[in-house]
Asks: 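First the structure, which I've put down as structure tokens, then a few questions once you've had a look.
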Amino acid sequence: MTKPLYLMANWKMYVGPKEAGALAKRSLGLAKKMPRGVNLVLFPSALSFSEVKKLIGKSKVAAGAQNVYWVGRGGETGEVSAQMYKEAGAKYALVGHSERRHLFHENNHDVRQKIEAALAVGLIPVLCVGETKNEKQNGDAEEVIEAHLRAAYTEINWPKKTPLIIAYEPVWAISHGAGKNQQGEYCDPKKAEQTHLLIKHFTTALVPGVAPVVLYGGSVRPNTVVDYVAMPNVDGVLVGAASTKPPEWEAIVKNALKV
Ligand code: PGA
């Protein structure tokens, strides 16, 4: 392995508090054999965050928020702020996940506020971008991705030592629907590589002097992770459904480390 590698597990709303502890312990076991330069990150639900953080402690496993709100403290019933996640020991925050954008109508303006709030408290935002099936079919993928990036980063004051991480998640490739077994369409790793290059190109123009890290997400499985991670501009993976099944997640991590 020659480049830093990010292996991120987005547990979405699949994992309740009872299961979360057991899953975190499995990742702790995996981390023992991890070489330097590998970043293993878990994104539990808000409900399980503190328990997971307590278990992983100061190990090589980090934890992040699936979503954050930009106001620090206030009357926003049901929300959890970036500031509160920071206080609870989060290192990362997912921002603009397609499920937030499409199911909860988060727009590019909300996404920008979340990125700024995350940066302000010292969380590393992981911006999710990607086109829907319709946008792909209409030939609009590049335009959509560029719009996501522009809204997120135009004239942003990026803190020098904070990694700039983007997850390219084509919406049509994400596991979806009635359960965690339902796989999305396969995104050819070579096609993903091209899009990652494009994302790096756009991002470098928007935030000069910071090398972007671009992860791939969308139905990553033990048998496909190697093909993605082997691409020069794929710096890791963001895994949803498969990260909640211990044998699959363990195989994904082990296979990724072989590249
Ligand atoms: P998936 O989810 O691996 O279940 O497709 C990825 C994501 O949405 O982050």
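Not measured: the values here are computed from a predicted model.
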Asks: Please report the C-alpha distance between His148 and Val111 in whole Å, then the side-chain angles of each, then the deciding distance to 0.1 Å, and finally whether the side-chain contact (heavy atoms from CB on, under 4.5 Å) criterion is met.
Replies: CA-CA 9 Å; His148 285 164; Val111 168; over 6 Å; no
Asks: Counting C-beta onward and ignoring hydrogens, is there a side-chain heavy-atom pair between Thr195 and Tyr216 closer than 4.5 Å?
Replies: no
Asks: If the threshold is 4.0 Å, N to carboxylate O, is there a salt bridge linking Glu106 and Arg100?
Replies: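 Between Arg100 and Glu106 there is a salt bridge, with a charged N closer than 4.0 Å to a carboxylate O.
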Asks: Carefully, step by step, assess Trp172 and Glu135 under the rule side-chain contact (heavy atoms from CB on, under 4.5 Å).
Replies: CA-CA 10 Å; Trp172 44 271; Glu135 289 161 347; over 6 Å; no
Asks: Do you know which two heavy atoms are closest between Tyr69 and Ala117, and how far apart they sit?
Replies: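 Shortest heavy-atom contact: O-CB, 4.5 Å.
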Asks: Tell me whether Leu127 shares a hydrophobic cluster with Tyr85, the cluster being built from Ile, Leu, Val, Met, Phe, Trp, Tyr side chains joined at under 4.5 Å.
Replies: no
Asks: For Leu197, does its backbone N or O pair with a side-chain atom of His201 as donor and acceptor, under 3.5 Å?
Replies: no
Asks: Heavy-atom count around Lys91 NZ within 6.0 Å, excluding the residue itself: above 12?
Replies: no
Asks: Any donor-acceptor pair under 3.5 Å linking the side chain of Ser243 with the backbone of Gly240?
Replies: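 Yes, the answer is positive, given that a donor and an acceptor are paired below the 3.5 Å cut-off.
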Asks: Are the charged groups of Asp227 and Arg221 less than 4.0 angstrom apart, N to O?
Replies: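 No.
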Asks: Of all the heavy-atom pairs spanning Gln66 and Trp11, show the shortest one and how long it is.
Replies: NE2-C, 3.8 Å
Asks: Show your working on side-chain contact (heavy atoms from CB on, under 4.5 Å) between Arg101 and His97 and close with a plain yes or no.
Replies: CA-CA 6 Å; Arg101 292 181 192 263; His97 189 280; over 6 Å; no
Asks: Transitive ILVMFWY cluster of Ile165 at side-chain heavy atoms under 4.5 Å: who else is in it?
Replies: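 Answer for Ile165: Tyr6, Met8, Val41, Phe43, Tyr92, Leu94, Ile124, Val126, Val213, Leu215, Leu238.
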Asks: Can you tell whether the side chains of Glu51 and Lys54 come within less than 4.0 Å, N to carboxylate O?
Replies: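 Yes, this pair counts.
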Asks: Are Val207 and Leu198 in one and the same hydrophobic cluster, where Ile, Leu, Val, Met, Phe, Trp and Tyr link if side-chain heavy atoms are under 4.5 Å apart?
Replies: yes
Asks: Which pair of heavy atoms, one from Val171 and one from Thr132, lies closest together, and at what distance?
Replies: CB-CA, 3.8 Å
Asks: Hey, does the side chain of Asn255 reach the backbone of Ile252 with a donor-acceptor pair shorter than 3.5 angstrom?
Replies: no
Asks: Under a 4.5 Å side-chain heavy-atom rule over Ile, Leu, Val, Met, Phe, Trp and Tyr, are Val234 and Tyr186 clustered together?
Replies: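 Yes, one cluster joins them.
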Asks: Out of the candidates Glu193, His196, Gln194, only one should pair with Asn233 under the side-chain hydrogen bond (donor to acceptor under 3.5 Å, both in side chains) rule; please name it.
Replies: Glu193
Asks: List, by chain and number, the other hydrophobic cluster members for Leu55, where Ile, Leu, Val, Met, Phe, Trp and Tyr join if side-chain heavy atoms come within less than 4.5 Å, directly or indirectly.
Replies: none
Asks: State, to 0.1 Å, how close Val68 and Ser81 come at their nearest heavy-atom pair, and which atoms those are.
Replies: CB-C, 4.3 Å
Asks: Considering the options Leu257, Asn39, Val259, which one meets the side-chain contact (heavy atoms from CB on, under 4.5 Å) requirement together with Leu5?
Replies: Leu257
Asks: Mind listing the closest non-hydrogen atom pair of Ile199 and Ile166 along with its distance?
Replies: CG2-CD1, 3.8 Å
Asks: Apply side-chain contact (heavy atoms from CB on, under 4.5 Å) to residues Val15 and Ser45 and explain how you reach the verdict.
Replies: CA-CA 7 Å; Val15 178; Ser45 73; over 6 Å; no
Asks: Which pair of non-hydrogen atoms, one from Leu123 and one from Ala93, has the smallest distance, and what is that distance?
Replies: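 That closest heavy-atom pairing would be CD1-CB, 4.1 Å.
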